[in-house]
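Only one structure is covered here, and it is reproduced in the block below.
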Amino acid sequence: MFRLKPADKPRKSASRSLPVTRYNAQVTEPKWQAKWRDSEVFKAERDVERPKYYVLEMFPYPSGKLHIGHVRNYTMGDLVARYKAAKGFNVFHPMGWDAFGMPAENAAMKNNTHPGTWTYKNIAEMKEQFAALGLSLDWSHEFATCDVEYYGQQQALFLDMLEAGLAYRKNASVNWDPVDMTVLANEQVIDGKGWRSGAEVERKELTQWFFKISDYADDLLSALDGLKNWPDKVQLMQANWIGKSKGLQFRFATKGAPAGFDELEVYTTRPDTLFGASFAGISADHPLAKALESNPEVAAFNAECRRTGTSAEALEKAEKLGYDTGIKVVHPFDSSIELPVYIANFILMDYGTGAIFGCPAHDQRDLDFARKYGLEVTAVVSPEGNDFSVETEAFTDTGTLINSRFMDGMDIESAKAEATSRIEAANMGEGKTVFRLRDWGISRQRYWGCPIPVVHCESCGVVPEKKENLPIELPEDINFDKPGNPLDRHPTWRNTTCPKCGGEALRETDTMDTFVDSSWYYARFTSSNADTPTTLADADYWMNVDQYIGGVEHAILHLLYSRFFARAMVKTGHLPERCIEPFNALFNQGMVCHETYSTKDEKGRDVWHSPDELVADGEGYKLRETGEQVNVGPSIKMSKSKLNVIDPIEQIEQFGADTSRWFVLSDSPPERDVEWTTSGAEASWKHLQRVWRMTVEIADENREGEDIALTKATHRAIADVTEGYEGFAFNKSIAKLYEFTAAIAKSKGDRRAAMRTMALLMQPITPHLAEECWEKLGGEGLAVQAAFPEANPTMLVEDTITMPIQINGKRRAEISVSKDASKEEVEKLALAHDAVIKALGGGTPKKLIVVPGRIVNVVV
RNA sequence: GCGAGCGUGGUGGAAUCGGUAGACACGCCAGACUUAAAAUCUGUUGUCCGUAUGGACGUGGGGGUUCAAGUCCCCCCGCUCGCACCA
């Protein structure tokens, strides 16, 4: 693995005897980066004469360290940007920083620095690392979401959304860490304890700000159909998340319930199965369940339910548990039927009404529950419409109603309609559409985020700040030596005057969820210096994002929030109407993986090792320090905990950015994970060296005469590489570039034109090498500004083609025929072939299939 | 548990419409160049039988449709991802 160290040679010998044929990326890459910068080739200007193309990669969190995953993500975006520019589009390719959030506060606590200092230092470092990649970015639109110019405009947006009724306050329960005095995210709660303090987490009710994303639930769902260039998977995930269901909400009359609970309201999507109901169930958090907690048994049962994990997986696998409350409900269609009411651990308070009726025959959970507690199981839908019973598997397919009196013989849809209209007629309930999607809680009790621009006034209540008082800036003089939100305990920052009455008032100290910051940055890029959130002229020209690229981990929240924000910005006049769906096309790239290396410590636990700690040892590796043999584990996503990380900066120093760019695109389809291997990276480096050697050779060559085969190969390469670029099949484009290289190497004719084409085809992937080759071959201007080659269709047609001949479906021979040979001609040629004559043995074929241009199959 | 996706040589992968399975790359092997090595170039390389011409087998396993299946259908196995018990 570490046999070859290419950079050792060029680095050491760069000033001495570097062979002319050695391409020195360490010198060349910064040279071209400077030229691009000086000639401002990536600066985008509005130009109505040309079609625009907005390429955007999800902007990074400024951790300070470029990760190899970034390299893959941003290389793909850069390829698209450079390719589209070469195709004549006016490309907009901006970059910025998703800079608010917890890591800066954690760093501030640990190192006693200001979150801003830490963040801006990271941005500076990361920007330098970005520069080394040679990306075609227009940095003139750069911003960080923690820039006051950005979050000030976000506050203006918030005020407009508040006015438009899209923001409101309500109570919500949070995970509260009583030691750190802070709200915890779900992932910060481990086994019911705070991740940092280890204290038992409490449930606490706080008044929080929400965005009314639920107003758009139906629209966000139905508009998914229009997102033709989004992955199906993401559309499906969003659809499931929004979770629309049509059902019936109705009230059971109760018997034996405490005062105030004369009725129990339930929601069901299967009103057709009402005659199969054998119990009613309520969540442990249902008001009725809480009202019964004076009974210690109920209190204990409810507490037990709340302790069970909250994830779907944990609950699905957990045993179904119920507590019979002794209360009965009366069947809405027959008052002589009474059903027991159970508190059950599989009912969610957050969905519907937190209460259900159970129909065991047609719902697996209800069936498991019924079997456990000995409840009746009556099938009311039958696949064939005849007598039918259910044992251990609930019947959830379509069928015909049975055992259901007035609904007998109906199909499910008519039965649903019938049951609903009867309930409605009896004034016991109504048909209702319910969404899973809940409103978006944006309040965070933290410092490093965008302050929510409202004040609390004793006499006027909650008052929005005036726009002319924006931005509400975060105070600089804060510290993290005490737990809690520094804004809360700041001596003066909270104190302000009420925008309405002018009296004394206190500022809101909650800041916004960082998902807010990333929900509109794509729009802000189009007018990054404006003193309004956007300007319509710029937004109208540059929006929408034509190609958005990022990881699938953002498939739901970020993308759904962004879609909501675009709607909110249209409503509040910050985006033109047609920008309601901001991302025309979405691409999710795969991860970068690497093998893992481990040894065992004295207790038999795994100890992980990074690739630089190893030396090759026969088939495997051993530790350089101790010589101990290491275990080679599977290739998994690079992670700090497993130490299977490759530092892109080291790679760039050794091989150059072009090699990394080429490699991350070469081996796997972009949407799949790619495995980083040293041998693969070396192979990429060798190939780029070969291209350079050929360029030098060809530049000095004085050959005459066109090699028609090479000309054809050139047009073939143009067509194939273009197809790969257009279809996000960059690995196939690279395969074609390898083939094209071999074709040029073989040619005995004039190879200059082919090699120039090669430079332009490679430019989107390996821009520095492409410039160097382009210049060496006498290309005019910069390769980055040259038009992308166009294939001549007449050069792509082969006059004769090879056609395989199958005998009984197995390939046995092939014939060479003219490309437009008729069916009859092909038949004649095929039947005259020795192999066919032999197979027929003098007889005639049973069947003869000729697919012109494709294949011949002789059945004997 | 539910939902989605995937499974092809020693390895990553290609085969876009049901029509030559294994493009391209890695690795391995052989040769050229070299005193030698590195670098570079050329060639071989799915497995098995055979000196060879050639043949058999082969896309996770089993069955099916078809002149023809990696591709379509059914059943099974394995892996990966998502999940808020969604009534």
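Below, chains carry the letters A, B, ... as their sequence lines are ordered, and counting in each starts from 1.
Of the side-chain N and O atoms in A:S245, one or more sit less than 4.0 angstrom from OP1 or OP2 of B:A87. Applying the 4.0 Å criterion to OP1 and OP2 of B:A56, one finds that A:R812 has a side-chain N or O inside that range. Of the side-chain N and O atoms in A:R693, none sit less than 4.0 angstrom from OP1 or OP2 of B:A39. Within the structure, a side-chain polar atom (N or O) of A:K810 is placed less than 4.0 Å from OP1 or OP2 of B:C57.
Checked for salt-bridge contact, A:K244 and A:D218 meet the test: a charged N lies under 4.0 Å from a carboxylate O. With respect to A:E739 and A:R716, no salt bridge is recorded, no charged nitrogen being found less than 4.0 Å from a carboxylate O.
The heavy-atom pair separating A:N302 from A:A289 by the smallest distance is ND2-O, 3.3 Å. In this structure, A:F357 and A:R270 approach most closely via the heavy-atom pair CZ-O, 3.8 Å.
If you check every strand for non-hydrogen atoms under 4.0 Å, A:R438 touches a base. Contact annotation for A:I849: base contact, defined as any heavy-atom pair under 4.0 Å involving a base atom. Using a 4.0 Å heavy-atom criterion, one finds that A:S668 contacts the sugar-phosphate atoms exclusively.
Taking atom C1' in both B:A68 and B:G5, the straight-line distance is 28 Å, to the nearest Å. For the C1' atom pair drawn from B:C73 and B:G18, the interatomic distance equals 13 Å after rounding to whole Å. Using atom C1' as the reference point in both B:U65 and B:A52, the two lie 40 Å apart (nearest Å). For the P atoms, the distance linking B:C49 with B:U42 amounts to 32 Å, nearest Å. With both ends at atom C1', the span from B:G46 to B:A36 equals 36 Å, rounded to whole Å. A distance of about 36 Å separates the P atoms of B:G22 and B:A37, rounded to the whole Å. Remark: the separation of the C1' atoms in B:U44 and B:A38 is 23 Å, to the nearest Å. Rounded to the nearest Å, the gap between the P atom of B:U71 and that of B:C33 is 49 Å.
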>> For a side chain to side chain donor-acceptor pair (under 3.5 Å) check, start with the C-alpha distance between A:W440 and A:D513, then their side-chain angles and the critical distance, and finish with the verdict.
In response: CA-CA 10 Å; A:W440 174 15; A:D513 178 7; 3.0 Å; yes
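Per the geometry, CD1 belonging to A:I807 stands 15 Å off P belonging to B:A68, to the nearest Å. Rounding to whole angstrom units, CD of residue A:Q589 and P of B:C81 are separated by 16 Å.
Note: A:L688 CG to A:W662 CH2 = 6.5 Å, rounded to the nearest 0.5 Å. Once rounded to the nearest 0.5 Å, the distance linking NE2 of A:H833 with CD1 of A:I815 reads 7.5 Å. Between the CD atom of A:Q589 and the CZ atom of A:F730 there is a distance of 10.5 Å, given to the nearest 0.5 Å.
The residue among A:I347 and A:I556 whose nearest nucleotide of RNA chain B is located toward the 5' end is A:I556. In terms of position on RNA chain B, the residue among A:D363 and A:G680 whose nearest nucleotide sits closer to the 5' end is A:G680.
With distances taken from any side-chain atom of A:A683 to the nucleotides B:G82, B:A14, B:C26, the minimum falls on B:C26. Of the candidates B:G19, B:A87, B:G13, the closest approach to any side-chain atom of A:P669 belongs to B:G13. In the set B:C24, B:C67, B:G27, the nucleotide with an atom closest to the side chain of A:V859 is B:C67. Of the candidates B:G12, B:C67, B:A87, the closest approach to any side-chain atom of A:K847 belongs to B:C67. With B:C26, B:G19, B:C81 as the choices, the nucleotide that has an atom nearest any side-chain atom of A:S679 turns out to be B:C26. Candidate nucleotides B:A25, B:G82, B:G19 were compared by shortest atom distance to the side chain of A:Y738, and B:A25 ranks first.
The partner of B:C72 is B:G64, judged by Watson-Crick or G-U wobble contacts that both fall below 3.5 Å. With a cut-off of 3.5 Å on both Watson-Crick or G-U wobble distances, the partner of B:A52 is given as none. For B:C6, the paired nucleotide is B:G78, the pair qualifying as Watson-Crick or G-U wobble because both relevant distances are below 3.5 Å. Judged by Watson-Crick or G-U wobble contacts below 3.5 Å, the nucleotide B:C83 has B:G1 as its partner.
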N/O contacts under 3.5 Å, protein versus nucleotides 20-23 of chain B?
from, atom 1, to, atom 2, distance (Å)
B:A23, O2', A:E739, OE2, 2.8

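The ring of A:Y342 has its center closer than 6.0 angstrom to the ring center of A:F369.
Against the 90° criterion about 0, the sugar-base torsion of B:C41 places it in the anti range. B:G22 takes the anti form, because its glycosidic angle lies more than 90° either side of 0.
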